[in-house]
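Inspection log for the structure reproduced underneath, given as structure tokens.
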Number of protein chains: 2
Amino acid sequence: MKAKNTISQMRRGILEFCIISLLADHEVYTAELIDRLKAANLLVTDGTLYPLLSRLQKSDILQYRWVESESGPPRKYYSLTDEGREVLAELDLSWLDINGSVEQIRRGNKSE
Amino acid sequence: MKAKNTISQMRRGILEFCIISLLADHEVYTAELIDRLKAANLLVTDGTLYPLLSRLQKSDILQYRWVESESGPPRKYYSLTDEGREVLAELDLSWLDINGSVEQIRRGNKSE
DNA sequence: CATGCTACCTTGTAACGCAAGGTAGCATGC
DNA sequence: GCATGCTACCTTGCGTTACAAGGTAGCATG
């Protein structure tokens with residue numbers, strides 16, 4: 001399976017985009033986020049996620065608040081900042097743009 | 001422009017896919033490839049491309065042959081191997097799959 | 001109070017993109 | 001036939017990132 005590496009590059013590329021999208025309407029904590037991503041066929045470990053979330057938080061795209069759990073240690077619930085919403089809007093556009101690029105390249109192949 | 005970094009991650013993710021797609025029907029050498037990618041809105045430098053092409057060639061996805069130029073030094077023209085074609089078929093499917101993931105995540109946001 | 005589960009986080013490694021710098025073939029003009 | 005410049009190839013060093021593995025600590029349960 002030689003394509004494996006290229007495929008995981010593609011998945012990795014959209015990871016941040018998907019996370020930001022997932023946080024658009026709901027506060028979510030890490031384990032929940034992992035489940036949601038898994039449901040969308042994107043496998044991630046928490047060792048990947050923690051640094052990523054903390055990076056996004058330092059960039060003022062995300063914010064969090066501590067919420068006590070009824071069954072265990074407290075959780076950090078993340079949500080988008082206002083700036084995060086602006087970023088998401090840009091990302092949505094870029095995603096369309098990138099889709100366009102890919103389409104163009106694949107169309108090019110077929111017509112020539 | 002905080003989204004910049006995330007956007008370039010997305011672009012980077014599909015770079016290999018686009019290159020393999022572009023080589024599907026035509027032999028191409030590096031400078032030409034850069035132009036084609038630029039036309040599809042993907043900016044790349046040759047310092048990025050050379051290691052990448054050589055990696056793909058070592059994986060037997062690409063092959064090349066030397067072609068003398070009428071106006072300068074000889075060029076390496078790359079094309080897909082048979083195995084490369086199989087990989088491309090897999091990548092096409094994965095691309096659809098990834099699109100599905102993104103769609104699902106964005107749909108999820110809107111309906112909830 | 002010991003065990004286990006859950007949640008947080010850090011460290012080390014390897015891969016990759018990219019800017020910068022380097023080599024060499026070939027054409028052109030003097 | 002030599003100097004200059006263009007084109008094409010390739011390498012090196014740096015910073016970023018994903019990921020596996022390992023670590024800490026709160027809280028519940030028997």
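Chain letters run A, B, ... following the sequence lines, proteins first and then strands; every chain starts at 1. In this text, all values refer to a predicted model and were calculated from it rather than measured experimentally.
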Protein-nucleotide distance ([X], atom [atom1]; [N], atom [atom2]), rounded to Å:
X	N	atom1	atom2	result
A:Trp66	D:dC27	CH2	C1'	14 Å
B:Leu15	C:dG17	CG	P	6 Å
A:Leu49	D:dA21	CG	P	18 Å
A:Lys4	D:dC19	NZ	C1'	14 Å
A:Gln57	C:dC8	CD	P	13 Å
B:Asp46	C:dC16	CG	P	18 Å
A:Leu52	C:dC9	CG	C1'	14 Å
B:Arg12	C:dA15	CZ	P	17 Å

Distance-minimising heavy-atom pair for [X] and [Y]:
X	Y	result
A:Ile14	B:Met10	CA-CG, 4.3 Å
A:Ile34	A:Val44	CG2-O, 3.7 Å
B:Glu27	B:Ser79	CG-CB, 4.0 Å

Check whether any side-chain nitrogen or oxygen of [X] sits under 4.0 Å from OP1 or OP2 of [N], and answer yes or no.
X	N	result
A:Gln9	C:dA15	no
A:Arg55	C:dC9	no
A:Thr48	D:dC19	yes
A:Tyr29	C:dA7	yes

Next item on the list: Tell me which residues in residues 68-76 of chain B put a heavy atom below 4.0 Å from DNA chain D, sorted by number, or none.
Entry: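 Close to the strand are B:Pro73, B:Pro74, B:Arg75, B:Lys76.
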Note to self: For A:Ile7, is there any backbone N or O sitting under 3.5 Å from a side-chain donor or acceptor partner on B:Glu90?
What the structure shows: no
Check: Across all strands, who's sitting opposite C:dG4 as a Watson-Crick or G-U wobble pair, both distances under 3.5 Å?
Finding: D:dC27
Next item on the list: Counting Watson-Crick and G-U wobble pairs only, both distances under 3.5 Å, name the nucleotide matched with D:dT12, or none.
Entry: C:dA19
Next item on the list: Tell me which nucleotide among C:dC16, C:dC18, D:dC9 gets nearest to the side chain of B:Val44.
Entry: C:dC18
Item checked: A:Thr45 side chain, from C-beta outward: closest of C:dC9, D:dC19, C:dG17 -> D:dC19
Note to self: If you count heavy atoms of other groups shown closer than 6.0 angstrom to CG of A:Asp35, is the number above 12?
What the structure shows: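 Counting other residues, nucleotides and ligands, CG of A:Asp35 exceeds 12 neighbours.
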Check: Do A:Tyr29 and A:Leu49 belong together in a cluster built from hydrophobic side chains that touch within less than 4.5 Å?
Finding: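 In one cluster with A:Tyr29: A:Leu49, no.
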Item checked: CD1-CG distance between B:Ile19 and B:Leu80, expressed to the nearest 0.5 angstrom ->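 If we round to the nearest 0.5 Å, B:Ile19:CD1 and B:Leu80:CG are 11.5 Å apart.
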Notebook entry, point to check: What nucleic acid atoms does A:Thr30 come within less than 4.0 Å of, heavy atoms only: base, sugar-phosphate, or nothing?
Noted result: sugar-phosphate
